[in-house]
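Naming convention: chains lettered A, B, ... in sequence-line order (proteins, then strands); numbering from 1 in each chain.
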Amino acid sequence: MSETAPPLRLLYFAWLRERVGVSEETLALPEGVATVGDLTAWLRARGPGYAAAFASPVVRCAVNQDFATAEAPVAPGDEVAFFPPVTGG
Amino acid sequence: MSETAPPLRLLYFAWLRERVGVSEETLALPEGVATVGDLTAWLRARGPGYAAAFASPVVRCAVNQDFATAEAPVAPGDEVAFFPPVTGG
Amino acid sequence: MAATVRVQTAPFDIAAELAALSAGRTDIGGIGCFVGNVRDSAGGRAIAAMTLEHYPGMTERALAAIAAEAEQRWALLGITLIHRVGRLLPGEAIVLVLAASAHRQAALDATAFLIDWLKTRAPFWKKETFADGGEDWVTAKDTDDAAAARW
Amino acid sequence: MAATVRVQTAPFDIAAELAALSAGRTDIGGIGCFVGNVRDSAGGRAIAAMTLEHYPGMTERALAAIAAEAEQRWALLGITLIHRVGRLLPGEAIVLVLAASAHRQAALDATAFLIDWLKTRAPFWKKETFADGGEDWVTAKDTDDAAAARW
């Protein structure tokens, strides 16, 4: 991974935002993270707020504003959002 | 049938009204008429406009503002309406 | 639950009817609505106007009976049925159905039920005046009977 | 067909949206409509307010995708999807769905489809503030998933 690669943009919504403590952050794609599942595991180990947020099995994800599964690839420059199941309407 | 019995009130709608030529008329319940089917047969023999109106197999009827079949009874004082299948909405 | 049932020649005001249905209420979760309009053609023939005739007295009874049937079938918090009569032009609204409920599925199902039954059980008749000067009574559709029979 | 898709904090004007959808058109036979309101209680607990959060950017994309899917499935002449965000009180309208078609069945089916998919595929989240001061995020319902999966 080049050091000039664009960062990831991470977004958190609803109770994930409240548990993580921020609505948005940017970071370089961590070593060894290639998928949404990898990223989730990496974030979970980052601190108690993240651990609490990602402890729930219902956490949903979108990569570049499309719903994505744990297997979806994550690359530098991506916008990755985590949130609970949606409850609009 | 007593001569002081109240008359039938007959109503015609849509193309039945146009064929019969009137929208409404009153008449004494004819001899031998006990049902909607009897009344229809009696009216059909009343003139060419009536014959044309009641020639159609789709003619519908309401007695006292409730949908009624050919077997429904007709009595002095009833309001009997004839019309095509409804097409509102 | 009070149903509002009306036959009128004047246009209806949908916003006013929605407001009347939900005024002061905080128990309504969803309102289903259907507006029927006069179309500009029928069977490929251009339409200049539509004239609606009805059976005064029986119409109101029939609409009230249809509303009562919907109340039996769904947990509703309000129903509005308004049907216009007289001469209408293409683009004008003919009929308005509103059904309010705590839950959306009941509101949507009741709305579909009300318009399906209204089309087959209320004494209205439409006459089309064509752009070429001809006119004819609209014939009842088998598809309307089938739609009403679903419920 | 152009779909109107909007996320806003302000109330919407249903009459204006209906007028915009059908302005100058004489080919529309029916317009299906659904209005979702904030209810005053949830699970027997009184609600003081509802706060809606969304994912700006993705929301508009998701609503446009849902509208496009409806256009694929039915012959529609217009779609309007408006969803409010921010703090709303019981009795206030949250969401408006309009679907216009030449025929009523398409309009009604598309309306039900649009609200079902909107509830499960658009990134909105509701937080309830209870009259007793507590607050909690609304949990997604299995019945909403089942309703969306029908289509």
C:H83 (side chain) donor-acceptor with B:G89 (main chain) under 3.5 angstrom: yes
Check: B:T87 side chain, C:K126 main-chain N or O, donor-acceptor pair, under 3.5 Å: yes
Side chain / backbone / both / neither for B:R60 at chain C, heavy atoms under 4.5 Å: neither
Which portion of C:T139 sits near chain B, non-hydrogen atoms under 4.5 angstrom: backbone
Closest approach of C:Y55 to B:A62 (non-hydrogen atoms, all atoms of both residues): CE1-CB, 4.3 Å
Under 3.5 Å: donor-acceptor pair, side chain of C:K127, backbone of B:W15: no
Whether over 12 other heavy atoms sit under 6.0 Å from C:D132 CG: yes
Top contributor to chain B contacts, counting heavy-atom pairs under 4.5 Å, from C:L118, C:D145, C:V138: C:V138
C:W137 versus B:E18, closest heavy-atom pair with distance: NE1-OE1, 2.8 Å
Side chains of C:M58 and B:F13 in contact at under 4.5 Å (non-hydrogen atoms): no
